[in-house]
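Within every chain, numbering begins at 1; the chains are lettered A, B, ... in the order of the sequence lines, protein sequences first and strands thereafter. Bear in mind the structure is a predicted one, so any value in this text is a computation, not a measurement.
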Amino acid sequence: MKRNHEWINNFNEWIMSACRSNMDIKFVWSGSDAKALAYYVTDYVTKSSLSFHDSLALMIKATKDFDKKQSDSSDNIHERSRRLLLKMHNTLASQQELSGVQVASYILNFPDHYTTHEFQKIYLIGIENHLEKCLQDAKTQQENGSNMIENQTYAQIHEFEDDLDVLNEHFLIESAENNKMVFVNSRIDYQHRDNTLNNYCLYDFTSWFRKKKIDENDKRILAKTNEETTSISRGRPSNERYKFLPQHPQHFSHILMKWTKPRVPVLIGPMIPRRERDETKERYYRAILTLFVPWRTITDLCDVTET
DNA sequence: AGAATCATCTTCGTCGGATT
DNA sequence: AATCCGACGAAGATGATTCT
């Protein structure tokens, strides 16, 4: 906390280089310190560049000027009010302080905001519901173990209907080969990803991959990667492409394509339950688990959630 | 000789207009 | 209104040419 140099406020070499010399750091000692800082920051962030009494004074000045100048004019009332408003606006705008940076970026047509990352949504609730249903199925299977095989086939056949009826899992209707329409969603895309992507968890999967309709170029590139020829080609190298497993309804019509830069998954779904029943909490934690543990079949997932 | 720059090539990824 | 599709600029690679 010692200030070792009279020019410097709480100087720390390492922090300074870590944040590339962009330093406005303050150590928060006490509660009153924290309060003072909170006040300072809020005030700083929300300060209007022109305070209310200033702008009122300016508007009064504008009105006076207007009355002086325009008293003899015989324009109609609409035109007069229009001019008054314009005058007020101009007075206000001309008194507005603008920083050099603001002006420069306006003239250079810079955007109003930047985002350093692109985002991709994950809808948690559907996956959570699916998982819960599968867990229940597994439990009932265990209980009457003798009928296990029968149950399994039953579950496979009726998977779609059950999903649509019982769960609120959201499906999209998309085209497959021969203009056939199929039900798909990100869960199905993930489950039937190519075997080389086994180690991707759902979170990384959504962050790295997107679904794309196959075109001629994709076919060519897929064929080239199969040949494994390491010939040097000019131009930008193509991104990785993967097929869906044959179980996927869009196996023939769509592929997975890797982004050049990963996107940031945004989890959309229920919030962390704070004072909920344990059962709900459990459900929630299980759902989160499905995001960060690679899985393919529901049995994988059940095993993981058991442990 | 090595770097810096320019030219060319190919693919990525978004946008807006056309189409259904 | 939704979807498709082509256009186009950006990105990222190689190769050629110029500069130091």
Side-chain angles (χ1 to χ4, degrees), chain A residues 20 101-127 129-130 160-161 163-165 167-269 291 294:
Chain A
R20 300 197 170 78
V101 179
Q102 256 176 303
V103 174
S105 62
Y106 176 74
I107 293 174
L108 292 172
N109 277 329
F110 286 174
D112 288 338
H113 74 281
Y114 299 89
T115 44
T116 51
H117 296 69
E118 304 282 335
F119 299 94
Q120 205 73 32
K121 290 173 185 169
I122 299 181
Y123 293 97
L124 271 179
I125 191 101
I127 296 163
N129 285 337
H130 181 73
F160 261 54
E161 292 169 31
D163 280 345
L164 288 172
D165 294 344
L167 305 172
N168 274 330
E169 195 178 356
H170 290 272
F171 286 90
L172 294 171
I173 302 176
E174 286 185 9
S175 63
E177 80 267 41
N178 307 327
N179 289 332
K180 231 168 57 181
M181 304 308 277
V182 290
F183 287 109
V184 282
N185 61 17
S186 52
R187 188 210 94 217
I188 294 177
D189 290 345
Y190 175 71
Q191 256 184 303
H192 301 315
R193 67 195 184 279
D194 190 86
N195 280 324
T196 20
L197 307 178
N198 265 340
N199 287 331
Y200 277 90
C201 65
L202 183 52
Y203 188 86
D204 292 337
F205 180 79
T206 32
S207 151
W208 275 109
F209 294 96
R210 72 190 165 110
K211 188 157 68 175
K212 183 183 177 299
K213 215 174 179 179
I214 287 185
D215 59 23
E216 291 305 313
N217 195 35
D218 295 327
K219 281 178 190 165
R220 221 190 58 234
I221 288 166
L222 274 171
K224 219 195 303 178
T225 45
N226 282 345
E227 285 171 20
E228 295 283 347
T229 47
T230 48
S231 61
I232 311 137
S233 59
R234 293 175 62 91
R236 185 176 177 167
S238 52
N239 290 7
E240 293 170 37
R241 286 165 166 76
Y242 298 96
K243 282 184 178 173
F244 285 112
L245 291 183
Q247 295 95 296
H248 194 283
Q250 290 167 315
H251 171 67
F252 292 108
S253 59
H254 289 70
I255 52 164
L256 287 170
M257 191 168 167
K258 201 169 184 173
W259 292 108
T260 313
K261 278 184 194 166
R263 309 211 149 188
V264 179
V266 180
L267 308 186
I268 302 201
L291 286 176

Problem - Length of the NZ-P vector between A:Lys213 and C:dC5, whole Å - result: 6 Å
Problem - A:Lys212: salt bridge (charged side-chain N to carboxylate O under 4.0 Å, His left out) partners, not counting sequence neighbours - result: A:Asp215, A:Asp218
Problem - side chain to side chain contact (heavy atoms under 4.5 Å, CB included) partners of A:Arg263, counting only residues at least two apart - result: A:Glu118, A:Gln120, A:Trp259
Handout entry: For chain A, the stretch of DNA chain B it reaches, first to last nucleotide, under 4.0 Å of its heavy atoms
Key = B:dT8 to B:dT14
Practice task
Would you check if A:Pro249 and A:Ile188 make a side-chain contact, meaning some heavy-atom pair closer than 4.5 Å?
Solution key: yes
Problem - 5' precedence on DNA chain B between A:Arg263 and A:Ser238 (nearest-nucleotide basis) - result: A:Ser238
Problem - Bending between helix ends of the helix from B:dA1-C:dT20 to B:dT20-C:dA1 [5 pairs per end, 10° resolution] - result: 10°
Practice task
Please report, rounded to the nearest Å, how far the C1' atom of C:dA10 is from the NZ atom of A:Lys261.
Solution key: 11 Å
Practice task
In whole angstrom, give the distance that lies between atom NZ of A:Lys212 and atom C1' of C:dG6.
Solution key: 13 Å
Practice task
Kindly write out the residues that satisfy side chain to side chain donor-acceptor pair (under 3.5 Å) with A:Asn239, not counting sequence neighbours, or none if the list is empty.
Solution key: A:Thr260
Handout entry: Contacts of type ring pair (Phe, Tyr, Trp, His ring centres under 6.0 Å), residue A:Phe205, not counting sequence neighbours
Key = A:Tyr190, A:Phe209
Practice task
Could you list the residues that satisfy salt bridge (charged side-chain N to carboxylate O under 4.0 Å, His left out) with A:Asp194, not counting sequence neighbours?
Solution key: none
Problem - Test side chain to side chain donor-acceptor pair (under 3.5 Å) applied to A:Asn198 - qualifying residues, sequence neighbours left out - result: A:Arg296
Exercise for the section: Can you sort out the partners of A:Pro262 under side chain to side chain contact (heavy atoms under 4.5 Å, CB included), two or more places apart, ordered by chain and number? Expected result: A:Ser207, A:Trp208
